[in-house]
Amino acid sequence: MDEQKQTYDPAAIEPRWQQFWQERKVFRTPNPGDRDFDPKKPKFYVLDMFPYPSGAGLHVGHPEGYTATDIVARYQRQKGCNVLHPMGWDAFGLPAEQYAIQTNTHPAVATKKNIDNFRRQLQRLGFSYDWDREISTADPKYFLWTQWIWKQLHARGLAYESNAPVWWCEALGTVLANDEVINGKSERGDHPCERRPLRQWVLKITDYAERLLADLDRVDWSDAMKAMQREWIGKSEGAEIDFLVHGHVGTKVRVFTTRPDTLFGASFMVLSPEHPLVASLTTPQQKAQVEGYLRAAAAKSELERTELSKDKTGVFTGAYAQNPLFLDGDARGRIPIWIADYVIVTYGTGAIMAVPAGDERDFAFAKKFALAIPGIFAPQTADEATDAAIASGAQCCTDEVPFAAHCTSADGKVALAGLSMPEAKRAVIDYLQQRGIGVQKVTYRLRDWLFSRQRYWGEPFPVLHTKDGVELVPDSQLPVLLPHMDDFKPGGVPESPLIRARAWVETKDQSARPAQREINTMPGAAGSSWYFLRFCDPHNEREFCSRAASDYWLPVDLYVGGTEHAVGHLLYSRFWTKVLHDQGLVRHQEPFLKLYNQGMIQAFAFQDARGAVVPTALTKEQGDEVVHAESGEKLTRIVTKMSKRYGNVINPDDVVNEYGADTLRLYEMYMGPLADSKPWNPKDVPGVHRFLGRVWRLCVPEDFAIGAVHAHLHQDRDSDPELEKALHRCIAKVEGDIGRMAFNTAISSMMIFVNEATKRPDALSRGQLLRFVQILSPFAPHLAEELWQRLGGAELLAYAKWPSFDAKLLVDDEVEIAVQILGKVRGRAVVATNADQATMVAAAKAAVAQHLEGKTIVKEIVVPKKLVNFVVK
RNA sequence: GCCGGAGUGGCGGAAUCGGCAGACGCACAGGUUUCAAAAACCUGCGCCCGUAAGGGCGUGCGGGUUCAAGUCCCGCCUCCGGCACCA
């Protein structure tokens with residue numbers, strides 16, 4: 001730094017304060033019971049979704065949410081709260097392991113290196129985390145308790161072994177949970193997946209489906225997020241109905257339907273290809289055809305089944321079922337049983353009653369295979385042609401319309417004509433229930449949580465397999481550690497690489513009998529399903545978290561992260577919390593009170609005429625345009641995600657090196673609303689940096705000889721009343737904006753104040769500057785702390801009390817109002833802020849006198865402090 | 001197809017409860033300062049007509065409600081995110 005000049009130099013300020021905060025443990029948070037804990041303060045728990053410490057290092061997307069939570073944490077601290085604001089590492093799982101494999105390093109080594117890098121990068125940004133509470137899910141001291149919690153689930157009968165088909169991903173060499181597979185491809189890496197029966201540990205999250213759904217009403221999350229969880233849980237109410245099969249005494253086919261009211265229109269039945277009755281119901285004549293269809297269905301990859309055309313395929317079994325609403329001899333009641341892969345074995349009962357008149361899919365199937373489509377509705381709208389088509393079954397109708405008169409059972413006990421849809425459903429269910437062949441039923445789309453992976457880098461299960469079955473490792477022997485392995489790569493077989501650690505696998509149980517360790521490991525989401533609890537009591541060696549700590553800190557008051565965890569992590573964490581609650585281990589039932597989802601930070605990229613993206617290194621600016629560096633072709637700017645391939649990835653380290661951490665933080669908050677996705681614009685970054693420079697110069701003279709601050713700031717003096725007003729307005733605005741997570745407008749209001757102050761720098765008093773620096777501090781903490789110290793602020797800014805504002809100073813004595821004629825602004829008038837209507841009208845009339853000439857005022861609308869509108873003729 | 005969100009200057013965005021559209025920042029233009037440049041500071045900046053005063057138009061499109069609509073209602077279009085044969 002220039003000896004003669006003191007310009008704003010973040011590189012000189014920031015590391016010093018970071019070091020100070022860390023050495024003095026400024027942000028260490030005491031727990032209830034600690035000597036320096038203050039029980040009089042309210043608590044505030046503000047949490048980030050902790051990162052996977054990937055080898056790529058921090059992305060500019062990370063600090064976006066982290067800065068937002070840091071602003072809230074620092075603000076709440078200054079408002080007098082005990083603030084819990086921790087950070088840790090989601091260190092087990094596929095990303096860390098993939099990186100380890102790519103770089104041929106042991107996962108433990110690679111993970112440690114990545115964590116060190118992440119920590120270094122985060123600490124450069126000045127976040128006020130309590131680093132004493134840092135945790136890593138891959139730390140044995142942590143996963144001891146992950147294993148212990150798993151045993152609690154097991155004890156409640158919520159963990160079981162299953163051989164049901166699961167998603168297998170060949171490329172990743174492991175099975176995946178439902179939320180990790182999208183359209184038959186892996187979420188990570190986009191590799192194809194298929195169904196395979198493999199022995200797996202599964203958690204019974206479906207037992208909690210209803211509570212997970214109902215308790216969404218108790219949390220403050222976005223509608224979008226709640227909608228995604230509701231859809232994933234997928235509750236549907238309807239009925240299960242048993243159909244007898246002709247010629248198979250005692251055989252019933254059970255179907256699930258949400259439309260029992262349409263049972264009169266059931267004209268065939270469909271079993272999924274995997275349905276257990278397929279083989280026994282198929283007649284000898286149909287055997288060859290059915291087997292052919294089953295083979296074809298099995299050969300289809302899941303991708304083809306889900307992604308390819310919705311063209312219906314199917315085959316007749318040769319068997320017939322009996323519609324229970326019709327008499328045995330009635331031809332309408334004898335319905336053929338088909339097999340088709342549009343019916344999914346894992347949903348409902350894996351079989352449906354097909355009502356082509358009331359269901360689009362059944363209608364398409366009936367059309368394709370020329371099956372009967374009996375009409376069951378009698379709509380009466382103005383559109384007679386459509387009414388007739390629906391009545392005859394020529395057109396499918398899924399809306400609520402009146403039922404036809406013939407929807408009456410043979411014994412007359414069910415008659416749907418004249419009933420509403422809910423009444424008709426009720427009538428049919430009651431009738432079936434009385435006869436013992438149907439029951440009201442709620443079904444969920446949610447499947448149990450596939451809770452194991454065939455990978456090395458995860459928590460081992462505390463499980464031994466003996467000849468008598470499964471045995472749990474006693475608590476005293478936890479944690480079960482991973483064996484060291486030099487070759488930890490998946491072996492291309494559906495078995496964990498742990499199988500190769502013979503000495504580890506082959507062990508003895510409590511009674512010294514031979515036993516084999518479980519070789520599957522837990523999935524990545526295991527450790528992240530309870531980390532928010534461990535942060536409350538991270539060093540507890542006797543418990544996963546003391547009741548005193550969790551009762552005090554939980555639930556999390558503000559949780560910030562991306563939307564990508566909508567149905568995975570967030571659902572699993574809610575599930576584990578409820579289980580721990582049921583075990584009497586925590587008081588709360590929902591972990592995250594308020595959830596806020598940040599948008600994505602995107603980037604510019606440049607496209608040529610064909611629409612191909614040209615890597616940024618191959619582009620150059622030419623006047624107002626961007627052209628191809630070699631061909632000179634004009635390129636179009638688009639907004640897209642940052643990607644190595646496009647060469648448009650912004651590295652936070654580079655931004656800090658060039659502008660400093662405060663500028664990075666401020667820019668990310670200034671870009672736009674936190675929840676929106678928005679592009680990184682390198683040209684905008686200097687704008688916020690200039691703002692910080694102006695703040696610096698308000699306080700610090702360029703000439704070193706003058707001192708640490710301007711001479712007029714050396715002592716207190718009376719405040720300039722206009723600047724005082726502006727400051728109060730600014731404090732009120734910033735406070736309100738932090739409360740609604742509108743950090744962009746908070747910053748703009750601070751810019752407005754600084755612009756005002758810059759016009760009359762000598763009028764600004766020390767007291768005003770101290771208060772301004774304080775409200776700036778959550779956003780740009782290094783600069784703020786530096787100026788606070790130079791101005792001689794008491795003790796540390798980080799714990800100074802947030803300044804108050806006087807509501808009286810927020811309003812001016814006079815206010816300029818708009819004067820409208822027929823809603824158009826035709827003039828302006830200045831009136832007293834508390835002027836009465838007559839005064840405002842008089843002033844308004846004077847302001848637009850020439851416009852009113854020759855016109856009659858029909859109506860005067862007066863909005864105090866805003867406007868007067870004349871309606872004229 | 002279904003569910004959720006969005007569409008405002010050249011660009012990012014603001015307008016919190018139906019009340020002056022475009023705060024703040026960027027880019028751009030002009031100026032002050034300077035030997036010069038950078039930095040800093042000042043001024044202008046939605047579009048159209050006009051030297052100006054002033055006027056007209058304007059928040060994706062088409063309608064509507066209202067004294068008044070970016071904001072409310074109806075019908076569309078486009079983009080983003082999620083789900084997708086779930087009976």
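Predicted model only: the values in this text are computed from it and were never measured. Per chain, numbering begins at 1; letters A, B, ... match sequence-line order.
- Looking at residues two or more places apart in sequence or on another chain, you find a side chain to side chain contact (heavy atoms under 4.5 Å, CB included) between A:Pro682 and A:Trp680.
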Without placing hydrogens or testing angles, list every side-chain donor-acceptor pair under 3.5 Å for residues 855-862 of chain A, not counting sequence neighbours.
| unit_1 | atom_1 | unit_2 | atom_2 | d |
| --- | --- | --- | --- | --- |
| A:Glu860 | OE2 | A:Lys845 | NZ | 3.4 |

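- Checked by distance alone, A:Lys312 brings a side-chain donor or acceptor within 3.5 Å of a matching partner on the base of B:C85.
- Applying the side-chain hydrogen bond (donor to acceptor under 3.5 Å, both in side chains) test to A:Asp220 and every residue at least two apart in sequence or in another chain returns A:Lys594.
- Looking at residues two or more places apart in sequence or on another chain, you find no side-chain hydrogen bond (donor to acceptor under 3.5 Å, both in side chains) involving A:Glu240.
- Applying the side-chain hydrogen bond (donor to acceptor under 3.5 Å, both in side chains) rule to A:Asp242 yields the partners A:Arg254; only residues at least two apart in sequence or on another chain are considered.
- Rounded to whole Å, the separation between the C1' atoms of B:G58 and B:C48 comes to 11 Å.
- Residue pairs meeting the side chain to side chain donor-acceptor pair (under 3.5 Å) criterion with at least one member in residues 258-267 of chain A, sequence neighbours excluded: A:Arg259-A:Asp261.
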Please produce a list of atom pairs where a protein N or O lies less than 3.5 Å from an N or O of nucleotides 2-9 of chain B.
| unit_1 | atom_1 | unit_2 | atom_2 | d |
| --- | --- | --- | --- | --- |
| B:C3 | O2' | A:Glu231 | OE2 | 3.1 |

Tabulated below should be each protein N or O lying under 3.5 Å from an N or O of nucleotides 39-41 of chain B; please produce it.
| unit_1 | atom_1 | unit_2 | atom_2 | d |
| --- | --- | --- | --- | --- |
| B:A40 | O3' | A:Arg697 | NH2 | 3.2 |

Distances under 3.5 Å only, N/O to N/O: pair up the protein atoms with those of nucleotides 63-71 of chain B.
| unit_1 | atom_1 | unit_2 | atom_2 | d |
| --- | --- | --- | --- | --- |
| B:C67 | O2' | A:Asn869 | ND2 | 3.3 |
| B:C67 | O2 | A:Asn869 | ND2 | 2.7 |

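- For A:Arg760, the side-chain hydrogen bond (donor to acceptor under 3.5 Å, both in side chains) criterion is met by A:Asp720, not counting sequence neighbours.
- Residues satisfying the side chain to side chain contact (heavy atoms under 4.5 Å, CB included) criterion with A:Glu564, sequence neighbours excluded, are absent altogether.
- Residues passing the side chain to side chain contact (heavy atoms under 4.5 Å, CB included) test with A:Asp684 are A:Tyr667, A:Asn681, sequence neighbours excluded.
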